[in-house]
Amino acid sequence: MTDVQEEDGGPVDGAAADTVADATDAHRATAPAPADPAGGASVVPPGRQLRIDDVAGHASAGSGLDDAAPAGLRERVLVPAPQPGTGALVTALLAFAAAAGLYAAFTGGGPALADSALLSESIEVRSGGLTQLAVFVTNIGNTTSMAVLAVVVAGWCWYRGRRADAVLAIVAMAGSAALFNVLKDLFGRPRPPIADRLVDAGNESLPSGHATMSIVVIGTIVVLAWAGSSVLTRVVLVVAAVAWVGAVGATRVYLGVHWFSDVVAGWLVGAAWLALCVAVWNYVQSRSAHTDGTPVR
């Protein structure tokens, strides 16, 4: 009988090896065959001894490990800690651009150099049909209409359980209204001459409230609709938003109630305020998900 080596390298005599072999054979003969997980029958054909691969295959089928995700992916994964750097950078750049636009409009530089020429051109191209369209667009895009739209969007979000989105819609709208009114009082810039106006307009000219509110409210809708939308839907949203905001701003110059630089400043102020609101909203959302341990989707 050939000697058998123990795990530590020592020899085992022949009699001991025979005893181990007999015990192994007896275990194979008496061990119950594993049942088929689907029907309960044995997976070992009649007349054949149980083998190690039979047991391994039975364990794999019964536990469903082949179809399961790796252990690490079955666990709850925390959302990475929020990194507000990008949002803060965009907000800072837009705030700088807004400040520059306000300063240029107030001092007569930059876009303000084209104010008189663009007003004169708008007066020359006026017509009955174009004026009716301009009045319609400017009324739909006025500050009151935008406020109502923001409230409707917030109500829908709240009803759907999207409370943070509802807060974003209201805060962005209300904040922009307060902001442009404060700036109007601060700069006190007069509007174009009354003789050139086609509609009535009160308070000061800089910045345009229509331009500010339209970019904030419409931009908020784009932000809230962005997640989960297809590439085509996102393109349509951006194109439609840009077209509408641009049209509202253009009507203010056409109707003679704002200088071109007022509209540009309003767009920049609104964009900066929207960027700030979205940055805070996104940070709060990310921090909440990180703290609560929301799984990454």
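Atom set for the values below is all heavy atoms of this structure, side chains included, hydrogens, waters and symmetry mates excluded.
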Heavy-atom check, side chain of [X] versus side chain of [Y], under 4.5 Å:
X      : Y      : answer
Leu119 : Phe260 : no
Leu274 : Thr220 : yes
Leu149 : Ile221 : yes
Tyr254 : Leu130 : yes
Phe106 : Leu206 : yes
Asp196 : Ile123 : yes
Pro190 : Glu204 : no

Between [X] and [Y], what is the shortest heavy-atom contact and its length?
X      : Y      : value
Leu102 : Pro207 : CD2-CB, 4.2 Å
Val264 : Pro111 : CG1-CG, 4.3 Å
Ala225 : Leu237 : CB-CD1, 3.9 Å

Backbone N/O of [Y] and side chain of [X]: donor-acceptor pair under 3.5 Å:
X      : Y      : value
His258 : Ser205 : yes
Lys184 : Asn203 : no
Thr138 : Ala134 : no
Arg126 : Thr131 : no
Ser120 : Ser116 : yes

* To do: Would you verify whether the NZ or CZ of Arg191 falls within 45 degrees of the ring axis of Trp259 while also being under 6.0 Å from that six-membered ring's centre?
  => no
* Pairing of Arg252 and Asp262 as salt bridge, 4.0 angstrom limit -> no
* To do: Report yes or no: do Leu255 and Val125 belong to one cluster of Ile/Leu/Val/Met/Phe/Trp/Tyr joined by side chain heavy-atom distances under 4.5 Å?
  => yes
* To do: Determine, stepwise, if the pair Ser145 / Asn139 fulfils side-chain contact (heavy atoms from CB on, under 4.5 Å).
  => CA-CA 8 Å; Ser145 299; Asn139 287 338; over 6 Å; no
* Asked: Which pairs with one or both residues in residues 102-112 pass side-chain hydrogen bond (donor to acceptor under 3.5 Å, both in side chains), sequence neighbours excluded?
  -> none
* For Trp244, what residues pass the side-chain contact (heavy atoms from CB on, under 4.5 Å) criterion, not counting sequence neighbours? -> Val137, Ile140, Met146, Ile218, Val248
* Structure fact -> Residues passing the side-chain contact (heavy atoms from CB on, under 4.5 Å) test with Leu232, sequence neighbours excluded, are Ser230, Val236
* Structure fact -> Grouping ILVMFWY residues whenever side-chain heavy atoms fall under 4.5 Å, the cluster of Val152 otherwise contains Val148
* To do: Rounded to the nearest 0.5 Å, what's the gap from OG on Ser127 to CG on Leu133? Could you check?
  => 9.5 Å
* Quick check: are there more than 12 heavy atoms from other residues, nucleotides or ligands sitting under 6.0 Å from CG of Asp185? -> yes
* Asked: Under 6.0 Å from the CZ atom of Phe187, do we count more than 12 heavy atoms belonging to anything else shown?
  -> yes
* Show your reasoning for whether side-chain contact (heavy atoms from CB on, under 4.5 Å) applies to Leu179 and Thr212. => CA-CA 9 Å; Leu179 180 59; Thr212 305; 5.8 Å; no
Only distances under 3.5 Å count here; give the side-chain donor-acceptor pairs of residues 89-100 to other protein atoms, sequence neighbours excluded, each with its distance to 0.1 Å.
from, atom 1, to, atom 2, distance (Å)
Thr91, OG1, Gly87, O, 2.8
Thr91, OG1, Ala275, O, 3.3

Identify each donor-acceptor pair in which a side-chain atom of residues 164-177 lies under 3.5 Å from a protein atom, sequence neighbours left out, and give them as a table.
from, atom 1, to, atom 2, distance (Å)
Asp165, OD1, Trp281, NE1, 3.0
Asp165, OD2, Arg162, NE, 2.6
Asp165, OD2, Arg162, NH2, 2.9
Ser176, OG, Ala172, O, 3.2
Ser176, OG, Met173, O, 2.7

* Given side-chain contact (heavy atoms from CB on, under 4.5 Å), test Ile194 with Arg197 step by step and report yes or no. => CA-CA 5 Å; Ile194 296 178; Arg197 304 179 196 174; 3.8 Å; yes
* Asked: Between Val216 and Trp273, is a side-chain contact (heavy atoms from CB on, under 4.5 Å) present by the stated rule, with each step listed?
  -> CA-CA 7 Å; Val216 169; Trp273 173 250; 4.1 Å; yes
